[in-house]
Amino acid sequence: MKSLFLLLLFCHVSSPVKHSLKTLYTVTSGFPNLPELMISVLVDNVQAGYCDSNKTISVNHDVWKKLFKDNPGLLDLCTEQCVEIQPKRFKSRLDRIMQHFNQTEGVHILQFIEGVQLDEQSREHTLFVQCGYDGEGFMSLDLTMQTWISVKPEADAIKQDWEADKAGIGTYIHFLTQTYPAWLGMCLYHGGSFLLKTDLPSVSLLQKSPSSPVSCHATGFYPDRATMFWRKDGQELHEDVDHGEILPNPDRTFQMRVDLNISSIKPEDWRRYDCVFQFSGVKKNITTKLDKAVIRTNCVSPVGAIVGVVAGLMLLSVCITALVIWSKKKKNIGSQ
Ligand SMILES: *[C@@H]1O[C@H](CO)[C@@H](O)[C@H](O)[C@H]1NC(C)=O
Ligand SMILES: *[C@@H]1O[C@H](CO)[C@@H](O)[C@H](O)[C@H]1NC(C)=O
Ligand SMILES: *[C@@H]1O[C@H](CO)[C@@H](O)[C@H](O)[C@H]1NC(C)=O
Ligand SMILES: *[C@@H]1O[C@H](CO)[C@@H](O)[C@H](O)[C@H]1NC(C)=O
């Protein structure tokens with residue numbers, strides 16, 4: 001299980017942060033320990049709230065707790081949506097799909113992600129709706145044409161089903177257009193300083209064994225608009241360097257690493273190398289000299305960090321994981 005999560009983490013696709021608000025619906029069948037429907041709300045790709053058909057509601061951060069406090073009625077609205085309205089809507093869709101595939105038993109999972117993304121520079125809002133079935137892309141909504149696009153031929157029949165209700169699609173798109181940009185605006189208003197705050201990472205050099213590459217590892221930074229690279233005599237190196245993906249930490253921050261293959265570096269040349277962490281567009285950087293004295297040689301730290309992330313993510317709920325699967329599978333949504 002852990003290795004699966006690990007794999008998914010490494011698949012996470014990252015790109016510069018634009019502000020986004022997303023709702024992820026996960027409806028399951030055949031999982032005895034999971035509620036039928038789980039809903040996660042993500043602001044800038046970090047879970048802000050969660051609720052499910054089993055009446056669990058949680059809000060993740062003081063900023064969002066205050067939002068609920070300042071908007072009495074919001075909690076009731078969410079509860080009603082989570083416990084009554086949305087489970088019916090999604091359960092019938094899952095049943096229909098299972099029926100179409102002649103799946104009477106086994107575990108099945110249907111996911112929808114809908115939301116909006118705001119480009120800070122152009123101030124343009126982009127809405128999106130994607131649907132996945134059993135972990136694979138299934139359908140997406142073309143908001144301009146007001147049609148569903150089946151990602152795989154097996155989805156064609158379902159597409160026709162969903163499109164039979166033209167008026168329903170129109171209403172849904174109208175709802176998305178009206179609410180999501182406004183909600184995102186509200187989130188940015190309430191969470192502004194929290195969302196825009198920059199967190200610098202702690203950077204360390206790690207090495208498994210004396211012959212393995214030296215890994216420059218930065219963790220705890222936010223936002224994910226950052227780069228890290230190795231330099232020799234102040235010049236960025238492209239050879240003997242392996243860049244890892246930017247991965248999410250459970251606490252909204254990110255981590256990344258860049259490995260330097262040191263096998264051909266003479267000991268006296270070590271001091272000519274350093275690792276630089278930098279936020280995009282920001283002059284400030286964190287420079288770490290390649291130095292035997294500061295390298296942490298162990299098999300614990302990098303693995304420990306990742307296991308920590310894995311455990312954290314597991315706690316966050318299946319939803320987040322599902323999102324990560326999607327980020328990978330459908331680069332055009334999860335990522336931005
Ligand atoms: C639903 O919640 C109850 C307690 O409120 C708990 O005992 C039960 O295990 C939960 N079921 C699921 C599927 O999460
Ligand atoms: C489902 O079963 C029916 C009848 O047994 C069959 O005609 C149909 O092709 C099956 N559909 C799929 C997707 O396997
Ligand atoms: C490091 O480079 C050497 C040759 O310069 C190569 O043989 C070795 O496989 C590389 N190690 C890694 C982990 O890529
Ligand atoms: C890092 O910052 C220092 C001064 O703060 C500057 O001299 C150096 O050029 C910066 N490095 C990069 C790669 O921008």
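Counting convention: from 1, in listed order, for ligands and their atoms alike. Residue indices begin at 1 and follow the sequence shown.
Cluster annotation: F128 and I149 are assigned to distinct hydrophobic clusters (Ile/Leu/Val/Met/Phe/Trp/Tyr, side-chain heavy-atom contacts under 4.5 Å, transitive). Taken together through direct or relayed side-chain contacts under 4.5 Å among Ile, Leu, Val, Met, Phe, Trp and Tyr, F175 and L141 form part of one hydrophobic cluster.
Remark: minimum distance from atom 10 (C) of ligand 3 to any protein heavy atom is reached at N261 ND2, 2.4 Å. Of the protein's non-hydrogen atoms, the one nearest atom 4 (C) of ligand 1 is N54 ND2, 4.8 Å.
For the pair R93 and F138, the NZ or CZ position fails the cation-pi test of under 6.0 Å to the six-membered ring centre and within 45 degrees of the ring normal.
For L34, every heavy-atom contact with ligand 1 shorter than 4.0 Å involves the backbone, none the side chain.
Shown here, atom 14 (O) of ligand 1 is in close reach of the protein: a heavy atom of it lies under 4.0 Å off. Within a 4.0 Å radius of atom 7 (O) of ligand 1, the protein has no heavy atom. Protein heavy atoms are found less than 4.0 angstrom from atom 2 (O) of ligand 1.
Exactly one of F90, Y50, F112 qualifies for a ring pair (Phe, Tyr, Trp, His ring centres under 6.0 Å) with Y25. That residue is F90.
Heavy-atom minimum distance, P213 versus D259: CB-CB, 4.1 Å. Nearest heavy atoms, M228 versus C216: CE-O, 3.0 Å.
Listed by number with element, the atoms of ligand 3 under 4.0 Å from a non-hydrogen atom of P213 are 13 (C).
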Stepwise, does the disulfide bond (SG atoms under 2.5 Å apart) test hold for C51 with C78? CA-CA 8 Å; C51 66; C78 291; over 6 Å; no
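No N or O atom of D240 sits closer than 3.5 Å to an N or O atom of ligand 3. Between S263 and ligand 3, at least one pair of N/O atoms sits closer than 3.5 Å.
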